[in-house]
Structure formats: structure tokens, C-alpha cells
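I have placed the structure first, in the form of C-alpha cells, so that the comments after it can refer back to it.
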Amino acid sequence: MLAAEMASEMKLNSTNPLFALVDVNNFYVSCERVFQPKLEEVPMVVLSNNDGCAVARSAEVKALGVKMGTPWFQMQELAKKHGIQAYSSNYTLYGDMSSRVVQVLKTFTPNLEVYSIDESFLQIETVLKQYQDTIELGQQIKGQVKDTTGLPVCVGIGASKTLAKLANHLAKKHKQFAGVCDVNAMAKEELYQWMSETEVGDVWGVGRQIARKLKAQDIQSVFDLLQASPQAMRQQFGVVMERLCYELHGTSCLQLEEVAPAKQQIIASRSFGKPVLNQAELAQSVATHVARAAEKLRGQNSTTGALTVFIQTNPFKPNEPQHHQSITMPLAESTDNTLTLTNAALAGLKKIYQPNFRYKKAGVILNLIGDKPMMQQSLFEDVESKGRSAHLMKAVDQINTRFGNAVIRSAAAGTNATKQEWQMRSSNKSPNYTTRWDELPVAR
DNA sequence: TCTGGGGTCCTAGGACCC
DNA sequence: TCTGGGGTCCTAGGACCC
């Protein structure tokens, strides 16, 4: 290599970002263990709402082959055989522990993105000079978090977020890394070796579907994916996949997001422990969900212009009659008022509720995009038989009965009605089409 | 009998406008 | 009335994440 090239490469390296991903091991399980040290080494799981399924597994349970999301009732025998203990989840506790971890991480660098309840990305190239090397920094982070919170973490380091994720995966899986892995400092040959031993499905952003399609073309390992042309991957899977390929090559495409953007939607929903058969009980649960959602809404200083209510029967019981329905209620003006939202939600529920179904889940969604009233119509019932126009008409009818002068956005989309028939009025200032039911034409 | 609760981004394709 | 290109806006649905 020429001196000039080397110099330019050095310069490039000095400004290139370096990411560390800090991830708590078996987060929920580890939280429980902090407060009950006797659970250390005990095979255990933390269960979802209603103690339905395992949402966290200790290392011992993972080793037994128990998958994430396994229903608790399905692992009864295994639990008995291996003495697996189960705990109900305590999200308040986990949230608190999570922020303590973040506080510790912020003492290393303010350039930090809280990615999930148990993971943060740190941008570390600027603070590196205070340490011997990246491994030293990683070990310091790991030690500090453990000393301060009692929680075990692994640290993965790489030139892109995707590589940091991969490094974290290696640190978790292979003991010889002692919890800290830097794929950036690795010799190329070694990295490629690890990559060829790691399944392509383990890459951040490659889910089940894409992994299946990749494997069908004999792209089995991360290394195989690295060999593929990003352009070809884009052709097949889209731009997200292309970015992912570049990231694997060490070109950072995904930036650190230090300020969490405001949510675009807020969901509050729950499954019922046992089937619910009447509207009154559904109403009660919906009201609770609205209250929670409204709290979250105020928490981020937003208002919402529309609210979706949905109710569902149990999809795991295909032999029972299924009823999945939702309705979006536009609001006269954007609000964060619990009472207003509750009234709209209950009115919506009244419209979609049908007796003689065994309901398993209810929830509400607040749509916040642009703070504008927003309509999303999705009534699933009878779509096939009635066709789309009839379907839409019914939706419009339902809303209009309640609101008289309904705000309908894009109501004409997907129907056979022409522009003249619909006579929609719109302007740039008000992107919503306002119309009345009695002005709507009959769908053909 | 018992199967979580959140979120995001992207694409395809229709309606519409000029 | 027909044809058509270029562009925007919108929704549904798929795929992914923890």
C-alpha cells in the first residue's frame, strides 16, 4: 500500500464510528436474581401476563432447548423433571433496573442510545484514548454495571451497529470472550471464521422468513451473506437488506439515535385470563386500556386525533368461531383527555361488539402521526364475501352514525367510485376529506 | 384449561392531479 | 373521449425488532 493511501486510510479510521452494544444477559431473570440471590444457578423462567408463556429464560433453561414464548403449560413435564421455577413478570422492577443500567453507561459516554429495556448502543471512538484498548473499555463497562446494579452484561464492539450486535452475540455464546468481543480489532481471518460458524438467521434484521429464503439459495452463514452482492440483496429483499449488507462489511449506515423520537402510535392491550363473553366486561377492560394509553400519551406531551379499538377471539382455537374486529374513531379535535378518549373508545366498542363470541383480547391504539385526525379503517369481517366497497360503506356508516359529520381520510381509496361521484373536498391545509353519509354515492 | 405486549420501517398498488 | 408519463398521497400488509 502506498503511503498516501495508508495515510488516508488512517484518517478514515480515526473518524470512523465505533459502536458498543451493551446487553444484559437474560434481563428479567437476572433482575429477579438480584433480589433473590438463592435463585442463582436455579433453572428459571419469567412468565408473561396471565402467566401465559415464558418471556425470559435462564441459561440453564435455554440449554434445555426451551424457546422464547413457549407456553408455560407446555413445559410442565420438563419443569418437573429439571426443577424449573417460574416467576410472574414485574415490569415496574425491570423498568427501574433498566434506568439504573443506563445511568452507569452514561458515565462512560453521553453518546448513548437506549435501544430497548435491556440494550444500549454506545458510540465509543471518542472515549477510547482513555483506555488501553477496546477490550479494556468493555471490561470496565461490564464490571461497573455488575458492581452498581448486580446485573451481568455482555459487550459487543464493531464498526457498525450490526457488527456490534454480531459481536455481542459472539460474546454471549462463546466463553473465551469473557463477555466482551470486538470484531473490529479481530484479524480478518478470525472474524470470517466466526462469521462462517454463525447462522445467517442470527444477524440483526434477518428474521425467519428472510433466513428461509436465503438458505434456499445456499446462503447459510453470516459469511455467506457477506459474500453476496448488496445490490442483488436489495433487488430481492429491499433496501433494508442492502443496508444490512453494508453494515456487515463495516460501513455504518445506521446512526446512533440519542434522542428517542416521539412515538407514532401508542398501544395498550391485554389478553384475558379466561374468555370474556359480554360487552360490559369488555368495556371495563377497554376503559382501563384507554386510561393507560392516555397516560403514556401525556407522558410524551402528545395528543391524538384518532383512537382504534380492537377485540379478538382466541386465534389458538381455530375450532371456535373467530371474530377479530377493530374500528377507528376520529376525534373532533386532537386531545389527551382520558374521558373524551374513553367515550370514543366505548362508542367504538359498541359498534364492533357481537354477542356469542368468546373474546380473548382487547386493546386500544392511539394514532399520533402529525397530531392530525387520522382514519384507519380495518374491519375484517366478511371482507371476502361482501367485497371491499360494501365493506367500506359499512365502516363509513358506522362512524357516521356516531359522528354525523365524519372525518374520513382517503375514504375513496380502494373502491370503484370515481372522483366525481365522491366529490371529495380537500386542501393542503386540511388533508382530511370531510363528507356526510347522505352525500356518498351508492357503491357499485 | 392454560399460548405476551409492545413497536418500527418498507413496499406495492390504487386514486388522484397536472 | 382516449392515452399517457410523472409525481404525490394514502392504505394494507409483510417483515422485522425486543
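Naming: A, B, ... by sequence-line order, numbering from 1 per chain. Note that the structure is a prediction, hence the values are computed from the model and not measured.
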Fill in the blank from the handout: With the side chain defined as heavy atoms from C-beta on, P71(A) is closest, among dT3(B), dC18(C), dC2(B), to dT3(B)

Problem - Candidate list D202(A), L248(A), L191(A), test side-chain contact (heavy atoms from CB on, under 4.5 Å), partner V222(A), passing option - result: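 Result: among D202(A), L248(A), L191(A), L248(A) is the only option passing the side-chain contact (heavy atoms from CB on, under 4.5 Å) with V222(A).
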
Once you apply a heavy-atom cut-off of 4.0 Å, does [X] come out as touching a base, just sugar-phosphate, or nothing?
X       : value
F237(A) : nothing
Q76(A)  : nothing
L47(A)  : nothing
V46(A)  : nothing
R243(A) : sugar-phosphate
W204(A) : sugar-phosphate
K67(A)  : nothing

Roughly, in whole Å, what's the span from [atom1] in [X] to [atom2] in [N]?
X       : N       : atom1 : atom2 : result
D23(A)  : dC17(C) : CG    : P     : 14 Å
Q255(A) : dT8(B)  : CD    : C1'   : 17 Å
L244(A) : dC10(B) : CG    : C1'   : 14 Å
R57(A)  : dT3(B)  : CZ    : C1'   : 15 Å
Y115(A) : dT8(B)  : OH    : P     : 12 Å
D202(A) : dC18(C) : CG    : P     : 11 Å
L21(A)  : dC17(C) : CG    : C1'   : 13 Å
Q264(A) : dG7(B)  : CD    : C1'   : 10 Å

Practice task
Take E119(A) and K165(A) through the test salt bridge (Lys or Arg N to Asp or Glu O under 4.0 Å) and record every step on the way to the result.
Solution key: CA-CA 10 Å; E119(A) 279 173 75; K165(A) 269 272 191 187; 2.6 Å; yes

Problem - Proximity of W204(A) and F121(A) rings by center, below 6.0 Å - result: yes

Practice task
Compute the bend angle of the helix from dG5(B)-dC18(C) to dC18(B)-dG5(C) from the end axes (five pairs per end), rounded to 10°.
Solution key: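 It comes to 10° between the two terminal axes.
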
Fill in the blank from the handout: By nearest-heavy-atom nucleotide on DNA chain B, the more 5' of G238(A) and K317(A) is K317(A)

Problem - C1' atoms of dT3(C) and dC17(B), separation to the nearest Å - result: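 One C1' to the other, the span is 16 Å.
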
Practice task
Check whether any side-chain N or O of N26(A) sits under 3.5 Å from a backbone N or O of A56(A) as a donor-acceptor pair, and report yes or no.
Solution key: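 Side chain of N26(A) to backbone of A56(A), a donor-acceptor pair under 3.5 Å: no, none is there.
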
Handout entry: Donor-acceptor under 3.5 Å (R57(A) side chain, G65(A) main chain)
Key =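 Pair absent, no side-chain N/O of R57(A) close to backbone of G65(A).
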
Practice task
Might you work through the salt bridge (Lys or Arg N to Asp or Glu O under 4.0 Å) test for E60(A) and R33(A), ending with a clear yes or no?
Solution key: CA-CA 14 Å; E60(A) 302 81 16; R33(A) 282 176 170 169; 3.2 Å; yes

Protein-nucleic acid N or O pairs under 3.5 Å, nucleotides 4-6 of chain B:
residue : atom : partner : partner atom : Å
dG4(B)  : O4'  : S48(A)  : OG           : 3.1
dG5(B)  : OP1  : N49(A)  : ND2          : 2.9
dG5(B)  : OP1  : S271(A) : N            : 2.8
dG5(B)  : OP2  : S271(A) : N            : 3.3
dG5(B)  : OP2  : S271(A) : OG           : 2.8
dG5(B)  : O3'  : R270(A) : NH1          : 3.2
dG6(B)  : OP1  : I267(A) : O            : 3.3
dG6(B)  : OP1  : K296(A) : NZ           : 3.4
dG6(B)  : OP2  : S269(A) : N            : 2.3
dG6(B)  : OP2  : S269(A) : O            : 2.3
dG6(B)  : OP2  : R270(A) : NH1          : 3.1
dG6(B)  : OP2  : R292(A) : NH2          : 3.2

Exercise for the section: Taking the side chain as every heavy atom from C-beta outward, state whether Y246(A) and S160(A) have any pair of such atoms under 4.5 Å apart. Expected result: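 They are not in contact (no side-chain heavy atoms under 4.5 Å apart), so the answer is no.
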
Handout entry: Evaluation steps, side-chain contact (heavy atoms from CB on, under 4.5 Å), between K80(A) and E77(A)
Key = CA-CA 5 Å; K80(A) 210 175 269 179; E77(A) 266 184 45; 5.7 Å; no

Practice task
List for me each residue that meets salt bridge (Lys or Arg N to Asp or Glu O under 4.0 Å) alongside K172(A), sequence neighbours excluded, and say none if there are none.
Solution key: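 Here the qualifying residues are D23(A).
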
Practice task
Kindly indicate whether a cation-pi arrangement holds for K213(A) with F237(A), taking the cut-offs as under 6.0 Å to the six-membered ring centre and within 45° of the axis.
Solution key: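 Ring-cation test returns no.
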
